[in-house]
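One structure is given here, and the rest of the page talks about it.
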Number of protein chains: 2
Amino acid sequence: MPAVLADLSIEARWIVPMTTRGRVLENHTLVVRDGRILDLLPSLDAAERYAATVAMQRPAHLLMPGMINTHTHAAMSLFRGIESPNAPLEQRFVGPEFVRDGVLCAIAEMLSSGITCFADRYYYPDQCARAAGEQGMRAVVGLPVAEAISPWAKSSPDYLTAGLRVRDDYAGHPLISIVFAPHAPNQVSNATFARVATLADELDAGIVIDLHASADEIARSIAAHGVRPIERLWRLGLLTPALNAVHMTHATAADIDLAQRTGIAISLSSSSSLKSEQQLPPVGAFVASGMRLGVGTGGGARQDVWGEMQLLALMISHLRSSDGSDHGAWDALAMATRGGAAVLGLDGDVGTLEAGKWADLCCVDLGGPATQPLIDPVTQLVFGGGRDLVSDVWVAGRQLLSDGELTRLDWPGVAARANAWAMRLKSGG
Amino acid sequence: MPAVLADLSIEARWIVPMTTRGRVLENHTLVVRDGRILDLLPSLDAAERYAATVAMQRPAHLLMPGMINTHTHAAMSLFRGIESPNAPLEQRFVGPEFVRDGVLCAIAEMLSSGITCFADRYYYPDQCARAAGEQGMRAVVGLPVAEAISPWAKSSPDYLTAGLRVRDDYAGHPLISIVFAPHAPNQVSNATFARVATLADELDAGIVIDLHASADEIARSIAAHGVRPIERLWRLGLLTPALNAVHMTHATAADIDLAQRTGIAISLSSSSSLKSEQQLPPVGAFVASGMRLGVGTGGGARQDVWGEMQLLALMISHLRSSDGSDHGAWDALAMATRGGAAVLGLDGDVGTLEAGKWADLCCVDLGGPATQPLIDPVTQLVFGGGRDLVSDVWVAGRQLLSDGELTRLDWPGVAARANAWAMRLKSGG
């Protein structure tokens, strides 16, 4: 039988496809062609069946789906180290170049830590989409919608007009998808929310919003609208499977019930919840509800999801899964990969290692002191792992990180521009 | 003026001596002689005054005191990936070689992540002390004390006899100090506790114990002794400044008041608290009390303190410090360095960068995507940092990590022995 041609084959010590709970393959090879996964099969069979242009061996490594960060404000990487980046500061500094340079910083950090897809929302979404597309990274770009003036728009119709232009520019792009990103509930009017719901429905687009992120947000909603934010959004038609609700730090049993019944997805950002509200989200109840759960990092302090994943694993490791196993680590890894894809509506394209999906991959070296000796690869990956163990990253079959080095992004150039911004921010000018 | 001879000088972009809150030095040089810090001064003055055998430049780096892990069971690194290492498993596998190999694994991980001192308690403390001493790492070695049989001893007198022998062997050792380590309160009788309190007092030795680590521990104490564990220990004379109380996950206001009045120190192990009790310790109240606080990792899953430090920073960043600043990052870094030294009674020797103290140092590279652009080095170090940024580590002036490589520890040999144990554990033999 003549060999089938392929672009890339990767033989790793362990391959974790995330298709079936607990499934860890050994002596297997993943085969990639035209940016997509062509096959995942025993290495002996792969050697017989496929002839790959590039054949890689990763003998101490675990290969898994690329990690997905479902909640970022990537450009805010440039505000790192500033206690509270506020509206006047943003009004003064944020523009197309600021966003471009900040997003590139975040992309460098995310790729280096194993992230292949991020869901962003900030001003100048056109710049975010452009930077991600040029760097070959997958992104779900949120179009900000608010009433108040910002560096990006003057009024809610203005936000929508500017946003829809970006959406048109990226229609059909293989890496970039566009969603609506209304600001936190208290910053958007009922009329604008209704307009967003209609547009999202007509255009088959997702919506992402911070929800129940703070006690203050809830109190203000009750004062202004008589109901908690989630109920307000429900009345306005926003609670559909297209909604990615970020944070949900404050969620009562009734809130969770409404969320579950309407099929919304949740992005957890536990560090942010702990820092701003001194409280962790009710992750156990979310897991029990069966809702789609993803992991997000939020603002610029840190864009890798390892710490968030570990925090989630700690929070749920006392829960029994449906098959009786006690795998906090497994569930947390699922949230950081296939769960994130499901939250973003991309689970047909990425999130697991299956033939036909894009080859968005993360390879992790388990041979160092942090994960040796190795008895249970997934548990040790989650509890002992970190961005430092990520060796290689591919997005749609293109290698963007190789042995820990960025292959495409010009880090020295990006760092120099970022530091020029830091100088301006520090000097106030 | 003739130059003063020195062994080592390190000029780093930032030096954070941790002596004064908020103090970050630029264009400074640290000078080391005979294992101790000789001077810390402006680089221009250093060049004039000192002639160092080795002169290092670290232009993108932050130099700080080595991190201190105040709560480990280092040998349990060999049990990684095993859900619940239990007494039968320990009885079957734990012996001198197991402890030695496990401690070496943990030392490799700790040095690689910037830790220069750890406070351990496990069976065969002689092996831990020996491994740490041979590797040149600083350690506070706990002598286990319990009633029940273990791989190390048969009865409480037996634990004490065996332990005191270890103590004699390490009297006056420059790197190793010895403390008593009674098992959790419910595993030690009143008589044995009283004996430990007397011995510790006579020998001027510290005591370390898990305290209020679980709701079950407290309930059992009330059932058996009529009081909560902390009150029981108080009655038995154990609540003194020599006590390092680990966890304190469940601490009421009355517990904290008693802890504060008696001057005990606390080792926080927040990940462990979250995993086992689904609850974080009341860190805000501890900080407000002014007690000595350190950071510990506990069992083998992970020995670096970066994640613990970040978790603490998130928990306390809403608190105002005495000078009105809002420095969760600063306080958390203090716990991981000078606080840990104070918890262990080593604050005269290590924990800050001051002339006369041992040169236990950690150098961190802030030039990568995780910490660029850089505006506030300490905030970004704590929230964006991680073990991967640690470039160099010195203990008592001897460099044990250089550009991320272990200089003294034979990692391939240690890893091979660790994996031989993993094979035995997996096969059950």
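All chains are named by letter (A, B, ...) in the order of the sequence lines, taking the proteins before the strands, and each is independently numbered beginning at 1. Keep in mind that this is a model prediction, so the values were computed, not measured.
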### Task
Pick one of side chain, backbone, both or neither for A/Ser77, based on which atoms fall under 4.5 Å of a heavy atom in chain B.
backbone
### Task
Would you mind checking which part of A/Gln310 comes under 4.5 Å of any heavy atom in chain B, side chain (CB onward), backbone (N, CA, C, O), both or neither?
side chain
### Summary
By salt bridge (charged side-chain N to carboxylate O under 4.0 Å, His left out), B/Asp120 pairs with (sequence neighbours left out) none
#### Entry: Proximal component of B/Gln278, with respect to chain A [non-hydrogen, under 4.5 Å]
side chain
### Query
Are any of the side-chain heavy atoms of A/Ile375 and B/Lys426 separated by less than 4.5 Å?
yes
### Query
B/Asn419 and A/Leu374: which non-hydrogen atoms are nearest, and at how many Å?
OD1-N, 3.6 Å
### Donor-acceptor under 3.5 Å (A/Arg302 side chain, B/Gly385 main chain)
yes
### Task
Can you tell me which residue pairs pass the ring-ring contact (aromatic ring centres under 6.0 Å, His included) test with a partner in residues 366-388 of chain B, sequence neighbours excluded?
none
### Task
Counting only heavy atoms closer than 4.5 Å, note whether A/Ser271 contacts chain B via side chain, backbone, both or neither.
both
### Residue A/Leu389 versus chain B: region with a heavy atom under 4.5 Å
side chain
### Message
Counting heavy-atom pairs closer than 4.5 Å to chain B, which one of A/Gly307, A/Gly284, A/Gly81, A/Pro369 comes out on top?
### Response
A/Pro369
### Neighbours of chain B found in residues 402-418 of chain A - heavy atoms under 4.5 Å
A/Trp411, A/Ala418
### Query
Relative to chain B, which segment of A/Ser276 carries a heavy atom at a distance below 4.5 Å: side chain, backbone, both, or neither?
neither
### Task
Check for a donor-acceptor pair, side chain of B/Arg80 on one end and backbone N or O of A/Pro373 on the other, with a separation under 3.5 Å.
no
## Note on the structure
The side-chain contact (heavy atoms from CB on, under 4.5 Å) partners of A/Glu97 (sequence neighbours excluded) come to A/Trp421
### Message
Please classify the contact of A/Gln380 with chain B as side chain, backbone, both or neither, using a heavy-atom distance under 4.5 Å.
### Response
side chain
